[in-house]
Amino acid sequence: MTGTVRVRFAPSPTGPLHIGGVRTALYNYLFARKHKGTLILRIEDTDRSRLVEGAEQYIMEALEWCGILIDEGVREGGNYGPYRQSERKEIYGKYAAELLESGWAYMAFDTPEELGILRKAHEEGGSVFMYNAQTRDRLKNSLTLPADEVSRLTAEEIPYVIRFKMPAGEDIEMQDMIRGKVLVNSGTLDDKILYKSDGMPTYHLANVVDDHLMEITHIIRGEEWLPSLPLHVMLYRAFGWDLPSFAHLPLLLKPTGKGKLSKRDGDKMGFPVFPLFWPYGETARGYREEGYFPEAFVNMLALLGWNPGTDKELFSMDELISEFSIERVGRSGARFDPEKARWFNHQYMQIKPVEDIAREYAKMVEEKGYSIKPEDAARLVEMVRGRVDFISGLWYQTNFFFEAPQFYDEAAVKKRWKEDSPVQMKELKAVLEGISSFISSDIEERVKSWIRERDYGTGAVMNAFRLLIVGELRGPHLFDIIDFIGKEETLERIDRGLEVLG
RNA sequence: GCUCCGUUCGUCUAGUGGUUAGGACGCAAGGUUUUCAUCCUUGUAGCAGGGGUUCGAUUCCCCUACGGAGUACCA
């Protein structure tokens, strides 16, 4: 690779950033870091009517949460700004004029209504209207109108757009880093609008101009852009600019059924489609708020469309950076699997430093109205983290460490509280009372030898005991539980249980 | 409709002109266990179809089917 790699993520601030967009940003980031290059965040806000308040902020916050660091952008600054297209308005006008001058573009005065009528008529005739080499001669533009008429219209400030003059029948050969050679005949393309009548460029013009001016070396974007690649390539050619490399990423598909992943799927099937909660208008749930670790989220997303060619599945961001390569990105759309997302979170629940989880866990415990020392929180987390996918699940696994049973599970009582249970539990209480070093392993040793001496059934004793301590047949190693709650509390729970259950 | 892209277990995917087509999720069955989980082991299931090319195609080519995207004064 010659020169410095410069890539960009160029979202449109029209709402919350979809996880497909996050993945595109992630791959750009990985590619940039891998090649010690630069990642630029460019806001593509040329459509003023679709602007959504809060979207730009959301995009930046989402990337930050994921650990995707931006080198140049509206917030970070840089030598190629401004990084918001709406602030680059004059630039595009200049380049549109250049194309007009060189004959690669022309002014078109047809109104949206006139074109609408044309489209409708073609549709009824079973065809599709295209503004191109076949039709442009019969339409209202600077190619067909006399020069003085054109200058009259512009002088009167009659609105017009600037269209690209797509050559009639030329094979355009393109190279995609993921797909290889792509060939399209320009005859199938139309004269795309480059500059709108409101004085703003369309995506196509702005994108090409900015990528050139910002010296972007690799354009990594979603597959939905592949159909407009020929236009972009032609624009580079029209300007006489060097072509960057292109990579079009496969789409993210919905878990079941047809089509690409949408917000609807998430709502319907109960999983988020966005990284963060979206608080405006029609709200949307987010991975962050649902308790996903950003590491797990990023790991899961990275493997959706890319793989290292090994069996390794767990990657830190640094590992992703060193192992990522565009060549190993797949070509086909990837169905999003919410189950696998949970699995990834489960993995991170096991490998994350215990203090990190304990800190969050302690907060939750305090919200429940109890206080806990950091070392105790860590101890409990270590004890039960294997049983949960999310931090939020930790409370259900540990609530009985803080609260004596409020009730005794009916089915469990029926199954495990037998005729001789009260006698056994009274004996057990006596055994426990006699233990001075009330720690798990010691208690276990004493209790088990007592069970052996009396020839009781371990299952019968332990389950009845668990019922008295927890109220239900669940939870970690019972001796660990009573070790934690202490001798006094243990004895109290036995007494209370005996009172209730008889 | 037209243009472009794609197609290996249900899902994410590895892979090769000759392999017992590998891994992971899920699911199932065992095992561990005082419970519930976890965990471990095993199993389950796939090269879309049809033509070529070839001694031999899952792999290369073509066609079909299916899926996806695009087809706006949206990005």
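Order of the sequence lines sets the chain letters (A, B, ...), proteins ahead of strands, with each chain counted from 1.
- Using a 4.0 Å heavy-atom distance criterion, A:R119 is classed as a sugar-phosphate-only contact.
- Considering only the side chain of A:K192, B:U71 comes nearest among B:U34, B:U71, B:G1.
- Here the side chain of A:K196 is nearest to one of B:A75, B:U34, B:G68, namely B:A75.
- What separates NE2 of A:H248 from C1' of B:A75 is a distance of 13 Å, to the nearest Å.
- Here A:K340 pairs with A:E313 in a salt bridge; the nearest charged N to carboxylate O distance falls below 4.0 Å.
- A:S197 comes within contact range of at least one nucleobase, with a heavy-atom separation under 4.0 Å.
- Contacts of A:H346 with the nucleic acid, taken as non-hydrogen atoms under 4.0 Å apart, involve only primed sugar atoms and P, OP1 or OP2.
- Among the protein residues, A:R328 comes within range of the sugar-phosphate backbone only, with heavy atoms under 4.0 Å from sugar or phosphate atoms but none that close to a base.
- A:M349 is listed as a side-chain neighbour of A:I391, based on a closest heavy-atom distance under 4.5 Å.
- Counting to the nearest Å, the P atom of B:C74 and the CG atom of A:L51 are 13 Å from each other.
- Between A:T135 and A:L139 there is a side-chain heavy-atom pair separated by less than 4.5 Å.
- Aromatic ring orientation, A:Y292 versus A:Y287: perpendicular (interplanar angle above 60°, classes split at 30° and 60°).
- Here the C1' atom of nucleotide B:G10 and the CG atom of A:L253 are 15 Å apart, to the nearest Å.
- Distance from the side chain of A:N307 is smallest for B:A14 among the nucleotides B:A14, B:A75, B:A69.
- B:U16 makes up no base pair with any nucleotide shown, lacking Watson-Crick or G-U wobble contacts both under 3.5 Å.
- For A:E53, the CD atom counts as loosely surrounded, since its 6.0 Å shell holds 12 or fewer non-hydrogen atoms of other residues, nucleotides or ligands.
- Ionic pairing of A:K260 and A:E224 is not present here: no N-O contact between side-chain nitrogen and carboxylate oxygen is shorter than 4.0 angstrom.
- By the 6.0 Å and 45° rule, A:R474 stacks over the aromatic ring of A:Y396.
- Residue A:G305 is classed as a sugar-phosphate contact, given heavy-atom separations below 4.0 Å to backbone atoms only.
- Within 4.0 Å of A:R50, counting heavy atoms only, lies at least one base atom of the nucleic acid.
- Not one side-chain nitrogen or oxygen of A:R179 sits closer than 4.0 Å to the OP1 or OP2 atom of B:A69.
- At the heavy-atom level, A:T14 lies nowhere under 4.0 Å from the strands shown.
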Between protein and nucleic acid, restricted to nucleotides 24-26 of chain B and to nitrogen or oxygen atoms under 3.5 Å apart, what atom pairs and distances do you find?
| from | atom 1 | to | atom 2 | distance (Å) |
| --- | --- | --- | --- | --- |
| B:A24 | O4' | A:E313 | OE2 | 3.2 |
| B:A24 | O2' | A:E313 | OE1 | 3.3 |
| B:A24 | O2' | A:E313 | OE2 | 2.5 |
| B:A24 | O2' | A:K340 | NZ | 3.0 |
| B:A24 | N3 | A:K340 | NZ | 3.4 |
| B:C25 | OP1 | A:W343 | NE1 | 3.4 |

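- The residue A:V461 sits apart from the nucleic acid: no heavy atom pair falls under 4.0 Å.
- Nearest nucleotide to the side chain of A:L226, out of B:C5, B:U34, B:U3: B:C5.
- The phosphate of B:A75 (OP1 or OP2) has a side-chain N or O of A:T46 nearer than 4.0 angstrom.
- Between the CG atom of A:D191 and the P atom of B:U71 there is a distance of 16 Å, rounded to whole Å.
- The partner of B:U71, taking Watson-Crick or G-U wobble pairs whose two distances both stay under 3.5 Å, is B:G1.
- With a 4.5 Å cut-off on side-chain heavy atoms, A:F246 and A:R221 count as touching.
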